[in-house]
Amino acid sequence: MFVGHCTRAIRDDNKLRLLPTGPRMKTTLSGSGLWALLSLATIGRCAPPGFPSSGNGLWYDKPGMVWAREWLPVGNGYLGAMSPGGTIQETLQLNIESLWSGGPFADPNYNGGNKQPSERAAMAEAMKKIRRSVFESPIGETDSLLRPSLQASGAHASLDIDVLTTDIGQFGSYAGAGYLISNLNATGPVTYYGRYLDLDQAIVKTVWTQGAATYQRTLLCSNPSRSCTQYINITSSTTSVALPTLSYVFSSAFQDGLPAPNITCLNTNTLKVRGFVGAPSMLYEFLAHAMAPGGSVSCAQFSVPPGSPPNATLEVTGSAREAWLSWVGDTNYDLDAGTPASNFSYRGADPHNKLVSLLAKRNFTGVSFKSILQEHVADYKTITTTPFSLDLGQSAKVDTPTDILVGQYQVDATGNAAGNLFIDWLTFNFGRYLLFSSARGVLPANLQGKWAKDLENPWWGSYGQPFLFAYTDHGAYSARDSPRYQYPDVTAPLFSFIEANIFGQSGMMAGDPGSAEWADYAGVFQCLMMLHVWDHFDYTNDVQWWKSTGWPLLKGVAVFHLNNIVEDLHFNDSTLVVNPCNSPEQLPITFGCAHSQQLIWQAFTGVEKGFIASGDTDTKFLESVRDALARIDKGIHIGSWGQLQEWKVEKDNTLDMHRHLSHLVGLFPGSAVASYDPTIQGPVVVNGSKVTYTKQQVLQAARTSLVHRGNGTASDADSGWEKAWRAAAYAQLGDAQNFYHLLSYCIKRNFATNLFSIYDPTDPIGVFQIDANLAYPAVVMNALLQAPDVPNLETPLKITLLPALPSQWPNGSIRGARVRGGITIDLTWQDWKPVKAVFKVDQTAPPRKVEVLYAGKVLLSSTTSPGLSKTFISL
């Protein structure tokens, strides 16, 4: 029996039936119930032993049943795993970052969804026709990019979209990689059960008692070793007690459609799993190596029916009191083979030899689990907790399981301020943990992070952005000129539409009626990505990276749009606009969409600001960008009911509560609205006259649009990210009350008991969508510290302290926050007021004009210098 952090209560209202064991067992619950428990006869109501005393973690007194809502994630970027917290049987769902179906592995003729060279003339002519029809339309619209409803014959009208688009075809999907099952031959009722995710150490642990013995199972994924490890140990008052027989098997049976892999013994201690995600398709392999000091490990081949793939199991016997299984995994995908020289095959070497080398390099045979854990925790702390921390004045909540706390969470913290405060803080840390766990491999986090359980996953588990920054740098299938056929004047190779797979998909997909409203994002999508490119340089001043990677990316996008924007022939006001465009995921197809114009303008300002540091001598290009900056429509128009217009031709509806805030991208995360400067972005032509808006007018128009957009629960969606985006926008406007209302509503409405953001909160199974999880830390920081981008380096960088601090967070501190200009800030506040702020400038940062503000008061107006340190007290 163990003792946790508090006095334990007895509870006997949870019993789970024993499930059959074995590698081919089936479950009656979708993605759940994959453990075997005799009984949870006594379940405590305090955190299990080892749970961080800081409270920085999630803990539960029963196993997880539903994958998306209750299982717990670990990952190292290369690999991921989800744990339900089983006892005598634990079933881990596994992921490999590059495991995708489709693409050239499934079809050697796959070409990224692009058109053939022979179709160039037709595409160019279709684009000219579309532009002409938009400009000549009295309302500035076209239906040429819309699929009509299918006719009775199954055919559809031959419209311009058919010339410009391709069907999804072999786009493929990110795929789960099967299940690792651990069986422990223990008997007797399970008591004093607890499981938790430790956010101080990035581990998942399950603890329980059976008879006189207490078991602890620990799961982690280490980035330095590119491996995951599951560790189990037993403690007892009787020193002679050893682990019961322990076995490890691999199964694809729980993942519908995943072919059964070949499972064999590499050697006595190592299981080898080799499979495919289809036929033909990508190859994947796991090598799982078991250790049991004082015991014996053996690998045995199963007898299987004739024609079935071979199967095997690892078994631990003897007197071991601890055992662990470390596994590595990979595929034959190779990002560097996405080039013309490799015929865009993305096909690399068989992963086997690389995995054998990984095991040998880490020398898993000779290391202890203690050393594996220490290396992992040190790496985690170096990246996450050492450089940065946030304190919201919370108190550790170790006496109540996380699922209960989440259930008690209230919008605006009415009557539950303390409980909300703790969950607010925990959700912030959890978001950072997910990014740490999913983004440090070869590929970045996808739309599911790295955790997806099916063969075909929601939104394909695709990349809502090209891989920052390696994939974007490749240009991938864009180099095959498809965009140039559609945009015949464009000479830049960098191009992608909104959805990206790992095979360089860059063609415009049209898979369903009306799909242009989400697929027609064209090169403007790249401008959205250029916010990240410029921000990376603006925050770090990494000149070497800027010259080798950042600048070529930004320049490529700028060249595309220099050729793609055209003179406005509808209003004939001499401005340059995008045609065609639509406000992402919303009709109509028109021109001069605010979203497009704001992002292109901001990309051009990045070119102007970063030109000198790039070392580029192409002054003709710079002058072209400056000329375009002077002529481009800035995407800032105030409409008839005081709104910030979503389209240049006023089409805004006061009842439009669409999930996206596309025309407010310049408020957050962009800066075209947040840092609006009438001397740079004005004037605009309204009814034939030039009008110059003040910054206050523009911000008020943005507020009007934001209010009318609603709270993120319209009929078109009810996801967490739309509520988080609204919260960030209100924070940018300094509206603490609405900021916190939307933030707390996001958690209450969309966050599950494992703190995963669920796309549809009414779905009992739930679809995990990582967007809101990753957005949450950024949203919180935007309420505590703001330093939006500025249009040029002569404009002072305005750093605002506590711009939207809600009443629920009266006391707190930030350590190690980064802002632009290579500046690090430590900030402490008490009774809703800052009491200390420390500013430190990197030794490599160039001088920068800076203003520090609080409550509208300028605390500092100066030019920074490398290594500068400045402290404010009693603000």
Side-chain angles (χ1 to χ4, degrees), residues 382-390 432 435-436 439-440 468-469 529-555 602-603 605-616 668-671 674-675 732 777-778 780-782 784-803 813-828 834 836-854 858-872:
T382 297
I383 299 298
T384 56
T385 60
T386 298
F388 175 88
S389 68
L390 172 70
R432 298 184 72 232
L435 187 60
F436 166 88
R440 299 175 67 213
L468 294 177
F469 296 105
M529 294 305 100
M530 291 309 103
L531 295 183
H532 297 281
V533 171
W534 169 251
D535 284 355
H536 183 72
F537 179 57
D538 205 14
Y539 278 75
T540 66
N541 195 50
D542 187 340
V543 176
Q544 182 176 355
W545 173 86
W546 180 243
K547 289 182 176 180
S548 64
T549 302
W551 176 255
L553 290 173
L554 181 57
K555 184 176 182 179
Q602 195 163 336
T605 65
V607 168
E608 191 173 37
K609 289 179 288 189
F611 182 80
I612 294 177
S614 73
D616 198 331
F668 186 90
S671 61
S675 297
Q732 196 66 49
V780 169
M781 289 301 295
N782 205 47
L784 303 177
L785 196 63
Q786 290 178 8
D789 198 8
V790 290
N792 57 56
L793 296 179
E794 296 304 311
T795 302
L797 177 66
K798 297 182 184 295
I799 302 173
T800 305
L801 308 180
L802 306 180
S813 64
I814 305 170
R815 174 178 52 79
R818 295 283 292 182
V819 297
R820 300 173 190 278
I823 300 172
T824 300
I825 301 175
D826 297 341
L827 175 64
T828 302
K836 184 178 181 180
V838 180
F839 295 79
K840 297 179 181 178
V841 181
D842 292 351
Q843 293 288 349
T844 59
R848 187 75 176 267
K849 293 180 181 179
V850 170
E851 291 181 1
V852 179
L853 303 96
Y854 169 68
V858 178
L859 305 178
L860 173 69
S861 180
S862 182
T863 299
T864 64
S865 58
L868 174 70
S869 180
K870 182 74 173 178
T871 300
F872 296 92

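Residues satisfying the side chain to side chain contact (heavy atoms under 4.5 Å, CB included) criterion with Val819, sequence neighbours excluded, are Leu785, Ala787, Ile799, Ile823, Ile825. In this structure, Phe668 has no ring pair (Phe, Tyr, Trp, His ring centres under 6.0 Å) partners at least two apart in sequence or on a different chain. In this structure Phe611 satisfies the ring pair (Phe, Tyr, Trp, His ring centres under 6.0 Å) test together with Trp551, sequence neighbours excluded. Under the side chain to side chain contact (heavy atoms under 4.5 Å, CB included) criterion, Arg440 pairs with Asn223, Asp379, Ile383, Phe436, not counting sequence neighbours. For Gln602, the side chain to side chain donor-acceptor pair (under 3.5 Å) partners are Ser671, not counting sequence neighbours. With sequence neighbours left out, Thr795 forms a side chain to side chain donor-acceptor pair (under 3.5 Å) with Asn792. With sequence neighbours left out, Phe839 forms a ring pair (Phe, Tyr, Trp, His ring centres under 6.0 Å) with Phe872. Residues forming a side chain to side chain donor-acceptor pair (under 3.5 Å) with Ser389 (at least two apart in sequence, or on another chain): Arg815. Among residues two or more places apart in sequence or in another chain, the side chain to side chain contact (heavy atoms under 4.5 Å, CB included) test is passed with Lys840 by Val838, Ser869. For Ala778, there are no side chain to side chain contact (heavy atoms under 4.5 Å, CB included) partners, not counting sequence neighbours. Applying the side chain to side chain donor-acceptor pair (under 3.5 Å) rule to Asp542 yields no partners; only residues at least two apart in sequence or on another chain are considered.
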Exercise. How far apart are the C-alpha atoms of Trp546 and Val533, what are their side-chain angles, what is the distance that settles it, and do they pass the side-chain contact (heavy atoms from CB on, under 4.5 Å) test?
Worked result: CA-CA 9 Å; Trp546 180 243; Val533 171; 4.0 Å; yes
For this session: Kindly indicate, with the supporting measurements, whether the criterion side-chain contact (heavy atoms from CB on, under 4.5 Å) is fulfilled by Val543 and Phe537.
Result: CA-CA 7 Å; Val543 176; Phe537 179 57; 4.1 Å; yes
Exercise. Does the side-chain contact (heavy atoms from CB on, under 4.5 Å) test come out yes or no for Val780 and Leu390, once each step is laid out?
Worked result: CA-CA 10 Å; Val780 169; Leu390 172 70; 4.2 Å; yes
For this session: Start with the C-alpha distance between Ile814 and Met781, add both sets of side-chain angles, then the distance that settles side-chain contact (heavy atoms from CB on, under 4.5 Å), and finish with yes or no.
Result: CA-CA 9 Å; Ile814 305 170; Met781 289 301 295; 4.1 Å; yes
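Minimum heavy-atom separation, Leu797 to Pro788: CD1-O, 3.6 Å. In this structure, Thr863 and Pro847 approach most closely via the heavy-atom pair CG2-CB, 3.9 Å. Contact between Gly822 and Ala845 at its shortest, heavy atoms only, is CA-CB, 4.3 Å. For the residue pair Ala613 and Lys547, the shortest heavy atom distance occurs at O-CE, 3.2 Å. The heavy-atom pair separating Ser548 from Pro552 by the smallest distance is O-CG, 3.7 Å.
Residue Leu860 places its CG atom among more than 12 non-hydrogen atoms of other residues, nucleotides or ligands, all under 6.0 Å distant.
Among Asp789, Thr605, Val607, the single residue meeting the side chain to side chain contact (heavy atoms under 4.5 Å, CB included) criterion with Trp534 is Asp789.
Note that the CD atom of Gln732 and the CG atom of Asn782 stand 4.5 Å from one another [nearest 0.5 Å]. Leu531 contributes atom CG, which lies 10.0 Å from atom CG of Leu554 (distance to the nearest 0.5 angstrom).
For the pair Leu859/Leu801, a side-chain contact is recorded, criterion being any heavy-atom separation below 4.5 Å from C-beta on.
Side chain of Lys609 to main chain of Val790: a donor-acceptor pair is present (N/O by atom type, distance under 3.5 Å, no hydrogens or angles). A donor-acceptor pair under 3.5 Å links the side-chain atoms of Asp826 to the main chain of Gly816, judged by distance alone.
Classification of Arg820 and Asp535 as a salt-bridged pair holds, one side-chain N sitting under 4.0 Å from a carboxylate O.
The stretch residues 841-852 participates, sequence neighbours left out, in these side chain to side chain donor-acceptor pair (under 3.5 Å) pairs: Asp538-Arg848, Glu794-Lys849, Lys798-Glu851, Arg818-Asp842.
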